[in-house]
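Each ligand, and each atom within it, is numbered from 1 in the order the structure gives. Heavy-atom basis, side chains included; hydrogens, waters and symmetry copies ignored.
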Amino acid sequence: MYGIIATWRMALEGISEADEMLKKNGNAKDAIETAIRAVEDFEYYKSVGYGGLPNEEMEVELDAAFMDGDTLDIGCVGGIKDYANPVSIARKLSTYPVNNFLVGAGAEKFAHRHGFERKNMLTERAQIHYHNRVKETTVQTELKPYSGHDTVGMVCVDKEGHMTSATSTSGLFMKHPGRVGDSPVAGSGFYVDSKVGGASATGLGEDVMKGCVSYEIVRLMKEGMHPQQACEKAVKEFDLELRERRGKAGDMSLIAMNNKGEWGCATNIEGFSFAVATEILKPTVYLVKFDEIGKQYFEEASQEWMENYMATRTAPLIRK
Ligand code: ASP
């Protein structure tokens with residue numbers, strides 16, 4: 001049974017392309033790379049790739065990762081600037097025995113040497129967001145990382161049972177230059193083992209890293225849990241742990257899929273969406289909701305929600 005699951009509605013077009021590839025016996029590596037690249041290339045998604053939101057010095061620094069669940073090979077880039085598709089650079093890095101995680105200038109040098117496409121990733125829209133944010137900031141309200149940061153994180157299984165996981169993000173809006181979150185960090189932002197399954201995260205990287213939450217979900221699946229059960233247990237328990245010890249927990253949303261194409265998702269925030277496609281499910285966007293006793297459930301996104309989503313993403317922006 002093949003399948004692919006991803007954080008956020010923005011992954012829908014990408015996973016739809018991947019679904020077509022997987023249907024025709026495409027492999028999990030190509031399918032996931034294609035899916036992530038589609039998100040990176042779409043300029044209206046302001047937290048991944050082209051159009052991603054900049055750091056406090058108005059530079060777009062991108063993080064990405066790629067993992068092969070058969071060999072456990074990992075490739076990652078942190079804080080890379082001016083390259084179009086960080087996920088492809090991460091995939092390339094995963095093919096080497098060492099030097100798998102490169103940051104900043106070193107990552108750019110590698111990308112240049114291997115002929116990856118250079119591109120100015122700072123769009124006009126992102127500049128407007130930046131300027132408006134600076135304008136809103138007064139002496140009392142110092143520049144704080146923006147909370148609407150969204151990473152695309154995916155897990156994929158192909159018809160032969162090969163699995164992959166990958167992520168891509170511009171990280172937190174207004175982050176310090178050089179800040180790297182969980183997304184390129186194995187076990188935190190992503191993890192996959194073809195013998196079991198994989199998981200990937202979006203949320204406040206600083207907190208996700210404290211619990212290595214993606215690895216924890218894979219570990220629970222290895223003990224026999226269904227992906228849904230594993231996601232709920234890991235997220236609920238770690239959220240509680242953070243609240244007990246630190247008084248608060250950052251946003252944390254995780255998706256997972258096992259090697260049978262079964263999937264799950266858990267979050268500690270309102271408004272999380274994810275996209276999933278399998279051999280028996282057409283590409284679908286779900287919204288995560290909570291009932292009155294705080295129990296999480298999923299609802300398929302309505303046509304109206306989908307239209308509204310795209311309209312708000314592409315609406316003209318005015319510089320304040
Ligand atoms: N996890 C990402 C980071 O901390 C951001 C996000 O997923 O929203 O860089």
Check the pair Tyr45 / Trp8 against ring pair (Phe, Tyr, Trp, His ring centres under 6.0 Å), numbers first and verdict last.
-> CA-CA 11 Å; Tyr45 296 146; Trp8 304 111; over 10 Å; no
Residue that, paired with Lys289, satisfies salt bridge (charged side-chain N to carboxylate O under 4.0 Å, His left out) out of Glu299, Glu270, Glu300 | Glu299
Quick one: which ligand 1 atoms are inside 4.0 Å of a heavy atom on Thr202?
-> 6 (C), 7 (O), 8 (O)
Nitrogen or oxygen of Gly171 less than 3.5 angstrom from that of ligand 1 = no
Has the side chain of Asp158 got a donor or acceptor atom that lies under 3.5 Å from a matching backbone atom of Asn27?
-> no
Of the side chain and backbone of Thr151, name the one, both, or neither that has a heavy atom under 4.0 Å from an atom of ligand 1.
-> both
For ligand 1, the portion of Ala201 having any non-hydrogen atom under 4.0 Å away = neither
Counting only heavy atoms, which portion of Arg179 has something under 4.0 Å from ligand 1: side chain, backbone, both, or neither?
-> side chain
Between Arg179 and the options Glu61, Glu57, Glu206, the salt bridge (charged side-chain N to carboxylate O under 4.0 Å, His left out) test singles out Glu206
Do Lys92 and Phe116 meet the cation-pi criteria used here (NZ or CZ under 6.0 Å from the six-membered ring centre, within 45° of the axis)?
-> no
Per-atom contacts, ligand 1 versus Ser183 - under 4.0 Å to a heavy atom | 1 (N), 2 (C)
Looking at CD of Glu244 and CG of Leu242, how far apart are the two atoms once the value is rounded to the nearest 0.5 Å?
-> 10.0 Å
Output yes when the distance from some N or O of ligand 1 to some N or O of Asp182 is under 3.5 Å, and no in every other case.
-> yes
